[in-house]
Amino acid sequence: MTDIINTAENADLKKTNFIHLQITDDLNQRKNNSRIHTRFPPEPNGYLHIGHAKSICLNFGIAEKFGGKCNLRFDDTNPTKEETEYVDSIMNDVRWLGFDWENRLYYASDYFQKLHDFAILLINKGKAYVDNQDAETISLQKGTPTRPGTESPFRNRSVEENLDLFMRMSNGDFDEGDCVLRAKIDMNSPNMHMRDPIIYRIMKTPHHRTGDKWGVYPMYDFAHGQSDYWEGITHSICTLEFEVHRPLYDWFVDHLMDSDYRPRQIEFARLNLTYTVMSKRKLLELVKDNHVNGWDDPRMPTISGLRRRGYTPESIRNFSDRIGVTKVDGVIDVSLLEYSVREHLNKTAQRVMGVLNPLKVIITNFPENETVELEAINNPEDESMGTRIVPFSKEIYIEQEDFMENPPSKFFRLSPGREVRLRYAYFITCNEVVKDENGNVKHLLCTCDLASKGGNSPDGRKVKSTLHWVSAEHAVKSEVRLYDRLFSDENPDGHKEIDFKQFMNPDSFKKLPVCYVEPFVKTAKPLDHFQFERLGYFNLDYDSTPEKPVFNLTVQLRDSWAKEQSKG
RNA sequence: UGUCCUGUGGUGUAAUUGGCAACACGUCUGAUUCUGGAUCAGAAGAGUUCAGGUUCGAAACCUGACAGGACAACCA
């Protein structure tokens, strides 16, 4: 309210949302002593993706905005699916995004004892019972969303018998599936989740943290709200599909409360992006079946994939702010994500010249064996980044696409008889096209105006176009990996009858083994960002060796020439 | 024959809580430019799913439709 001016300056960034408004409301009512505490609660059963980034930015962002705290808590109640590898990758990704949980790292498994005690308390209160029926029977008795359930024959066992049975479940006296502990709520509830939900099941799989200490594990619903409660969480933010769980969340909290503090669950719509899939199950499938090269394949919407692709934490955070938070289940256009990286990299990326599809040009009037050093600007958007030296010599490479023998009227680049500028170097004019026996262009013979050294002619004459180039002698031979959308359909998992993998884009990955980049990149480290002038943003891949750098395409530059061409 | 949630330009979000629809992306012009990038200036595009109602006044409140989604794992 007080910083209307600041808000206006930030335009669409840092905008408010319905959750902020509800929190403000809670604050005004002095709920929970005006304390704000959120948490990000991933299950360590896969790698984090851009949808998680939205949640991370939301939860940590709220803590920041309202002067509160945000915990990192692993929701590890199912040992059959969870692994330490995932725990490590998740912590790494959250940190990389720029967020800090300080000393507040928690696991639902930290609360296994307290949860177990609480279950016993519910049994003592007559609010929970052991059911010996099998999964199928219980499921049948649950009824359907439109038909009420029926009560289990074991529903009214004595407290003593329930206590004894639950202890024996916990001690490993029974096999998996023999029995479960259920909350005694209401089999006639219109909400399926209130029809005596299962809260503990027997599992013999060792847990990634507690080993074989426990023979029973709590279900999500029986762990989440309680964990929130014990951590003093005030706002438990989750995605829409948990909306129907909220009455159950509140039911458990009701039985836990010993003051007027209580956590509150608020749901928002998960992120959907065009041309990709966002479910952990489907991403896992792509990895397991080798449709992609691991969780960090640069085509994946995972945080690790985006990082390897060349996205920056800033760009992802800006993206999160821009898309907003609502309860409307929509789809965000990937172009907005792409815009966010371009925006950030434009301001920060080192400029460099690199030729992807080389075409040799021989400057006929340039002396042999001579190297001229030219000064180039490192980033026109940031003067403090300074300049660098780029070597020029008689033989250079330009981009095949920058030459056309018979150009259409709107093509401004090099063609026979035409003069163009080589960026930071000279004006050159194409005199001859040398072809092989098949009529393919082998190389070009050009002359340069030696007076135009540096890129301007003293007589002030203009050229219509400026090309990037690399001196053949000095070029660093590199591999460049080009990426396109993983799926060719906007909504690959939106088709009922067709498996999402049917829509995989066969051209989503293209390797260019021989590209030439200026010597400046020799000292680059993996993940360093560059703009290859006139092409796009690239970053150095982990697979690079000193002999052969490997670059990943992050995004292309906006290309109005390509747009012009596609108009036909 | 259920319960809950949602419905604003192509897309995503806003609208000081009832005051006459704003912003971003995208699109299209033009300027500028040693990146057909960036930047700058401008334009088109919704009358808020529909129908009633309350009100001087409704995107907002009420009623009813319609459309989409969630819920029947010993998953989270």
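Proteins get letters first, then strands, A, B, ... in listed order; numbering begins at 1 in each.
- In this structure, A:Tyr217 reaches neither bases nor backbone, as no heavy-atom distance under 4.0 Å exists between it and the strands shown.
- Side-chain atoms of A:Arg322 stay outside donor-acceptor range of the base of B:rG12, with no qualifying N/O pair under 3.5 Å.
- As judged by a 4.0 angstrom heavy-atom cut-off over every strand, A:Val180 is placed among the base-contacting residues.
- A salt bridge is absent between A:Asp186 and A:Arg195; no separation between the charged side-chain nitrogens and carboxylate oxygens falls under 4.0 Å.
- Sequence order on RNA chain B of the closest nucleotides to A:Phe412 and A:Thr146 puts A:Thr146 first from the 5' end.
- Note on A:Arg264 versus A:Asp250: no salt bridge recorded, every NZ/NE/NH1/NH2 to OD/OE distance being 4.0 Å or above.
- Residue contacts for A:Arg351: at a heavy-atom cut-off of 4.0 Å it reaches a base atom on one of the strands shown.
- Among the protein residues, A:Thr77 comes within range of the sugar-phosphate backbone only, with heavy atoms under 4.0 Å from sugar or phosphate atoms but none that close to a base.
- Salt bridge status for A:Lys184 with A:Asp196: absent, with no side-chain N to carboxylate O gap under 4.0 Å.
- Nearest nucleotide to the side chain of A:Glu243, out of B:rG37, B:rA72, B:rC4: B:rC4.
- Between B:rU13 and A:Thr326, a contact under 4.0 Å exists linking OP1 or OP2 to a side-chain N or O.
- A cation-pi geometry, defined here as NZ or CZ lying under 6.0 Å from the six-membered ring centre and within 45° of its normal, does not hold between A:Arg73 and A:Tyr107.
- The phosphate of B:rA22 (OP1 or OP2) has no side-chain N or O of A:Lys15 nearer than 4.0 angstrom.
- At a threshold of 4.0 angstrom between heavy atoms, the contacts of A:Tyr424 include nucleobase atoms, whether or not backbone atoms are also involved.
- If you check every strand for non-hydrogen atoms under 4.0 Å, A:Phe411 touches a base.
- Among the protein residues, A:Lys347 comes within range of no part of the nucleic acid, since none of its heavy atoms lies under 4.0 Å from any strand.
- What separates OH of A:Tyr339 from C1' of B:rU13 is a distance of 15 Å, to the nearest Å.
- For A:Leu557, whose side chain is taken as the heavy atoms from C-beta onward, the closest listed nucleotide among B:rA73, B:rG12, B:rG37 is B:rG37.
- Counted by atom type alone, A:Asp329 and A:Asn272 present one or more donor-acceptor pairs between their side chains at under 3.5 Å.
- Among all heavy-atom pairs drawn from A:His116 and A:Tyr200, the shortest one is N-OH, 3.2 Å.
- Rounded to whole Å, the P atom of B:rC61 lies 37 Å from the corresponding atom of B:rA76.
- B:rC74 and B:rA14 have their P atoms separated by 37 Å, with the value rounded to a whole Å.
- Using a 4.0 Å heavy-atom criterion, one finds that A:Asn346 contacts the bases of the nucleic acid, with or without backbone contacts as well.
- For the C1' atom pair drawn from B:rC71 and B:rU1, the interatomic distance equals 16 Å after rounding to whole Å.
- Rounded to whole Å, the distance from CD on A:Glu490 to P on B:rG26 is 16 Å.
- Listed by first residue number, the stems of RNA chain B with at least three Watson-Crick or G-U pairs below 3.5 Å are B:2-7 with B:66-71, B:10-13 with B:22-25, B:27-31 with B:39-43, B:49-53 with B:61-65.
- Going from the C1' atom of B:rA24 to that of B:rA60 covers 23 Å, rounded to whole Å.
- Rounded to whole Å, the separation between the P atoms of B:rG18 and B:rC56 comes to 16 Å.
- One side chain, A:Arg39 or A:Ser236, offers a donor N or O that lies under 3.5 Å from an acceptor on the other.
- The phosphate of B:rA76 has OP1 or OP2 within less than 4.0 Å of a side-chain N or O from A:Arg201.
- Spacing between atom NZ of A:Lys563 and atom C1' of B:rU35 amounts to 16 Å, rounded to whole angstrom units.
- A donor N or O paired with an acceptor N or O is found under 3.5 Å between the base of B:rG37 and the side-chain atoms of A:Glu381.
- At a threshold of 4.0 angstrom between heavy atoms, the contacts of A:Ile323 are confined to the sugar-phosphate backbone, with no base atom among them.
- Checking A:Tyr111 against A:Glu231 by side-chain atom types alone, a donor-acceptor pair falls below 3.5 Å.
- Within the nucleic acid shown, A:Pro41 has no heavy atom closer than 4.0 Å to any nucleic acid atom.
- Rounded to the nearest Å, the gap between the C1' atom of B:rC20 and that of B:rA59 is 11 Å.
- Distance noted for atom P between B:rU13 and B:rA31: 36 Å (whole Å).
- Counting any heavy atom pair closer than 4.0 Å across all strands shown, A:Gly177 reaches a base atom.
- Considering only side-chain N and O atoms, A:Ser560 lies under 4.0 angstrom from the phosphate OP1 or OP2 of B:rG37.
- Note: A:Phe532 and A:Phe551 meet the aromatic proximity criterion, with ring centroids under 6.0 Å apart.
- The distance between atom CG of A:Asn491 and atom C1' of B:rG12, rounded to the nearest whole Å, is 16 Å.
- For the pair A:Arg147 CZ and B:rC71 C1', the interatomic distance rounds to 16 Å; values are reported in whole Å.
- At least one side-chain nitrogen or oxygen of A:Arg534 sits closer than 4.0 Å to the OP1 or OP2 atom of B:rG36.
- B:rU16 sits 27 Å from B:rG53 when the C1' atoms are compared, rounded to a whole Å.
- Atom CE of A:Met203 is separated from atom C1' of B:rA76 by 12 Å (rounded to the nearest Å).
- Counting any heavy atom pair closer than 4.0 Å across all strands shown, A:Arg558 reaches sugar-phosphate atoms only and no base atom.
- Exactly one residue among A:Asn378, A:Asn379, A:Asp382 makes a side-chain hydrogen bond (donor to acceptor under 3.5 Å, both in side chains) with A:Gln350. That residue is A:Asn378.
- The residue among A:Tyr220 and A:Gly455 whose nearest nucleotide of RNA chain B lies closer to the 5′ end is A:Gly455.
- Put simply, the side chain of A:His245 and the base of B:rA76 share a donor and an acceptor less than 3.5 Å apart.
- Among the protein residues, A:Gln141 comes within range of no part of the nucleic acid, since none of its heavy atoms lies under 4.0 Å from any strand.
- The residues A:Lys464 and A:Glu419 are annotated as not salt-bridged, no charged nitrogen and carboxylate oxygen being separated by less than 4.0 angstrom.
- If you take CZ of A:Phe268 and P of B:rC4, they are 23 Å apart, rounded to a whole angstrom.
- Counting non-hydrogen atoms under 4.0 angstrom, A:Glu176 reaches nothing in the nucleic acid.
- Within the structure, every side-chain polar atom (N or O) of A:Thr274 is placed at least 4.0 Å from both OP1 and OP2 of B:rU11.
- Against the 90° criterion about 0, the sugar-base torsion of B:rG69 places it in the anti range.
- Among the nucleotides B:rG7, B:rC74, B:rU35, the one closest to any side-chain atom of A:Lys142 is B:rC74.
- Two residues are said to be in side-chain contact when any heavy atoms from C-beta on lie closer than 4.5 Å; A:Tyr397 and A:Trp469 fail this criterion.
- Here the C1' atom of nucleotide B:rC5 and the NE2 atom of A:His193 are 13 Å apart, to the nearest Å.
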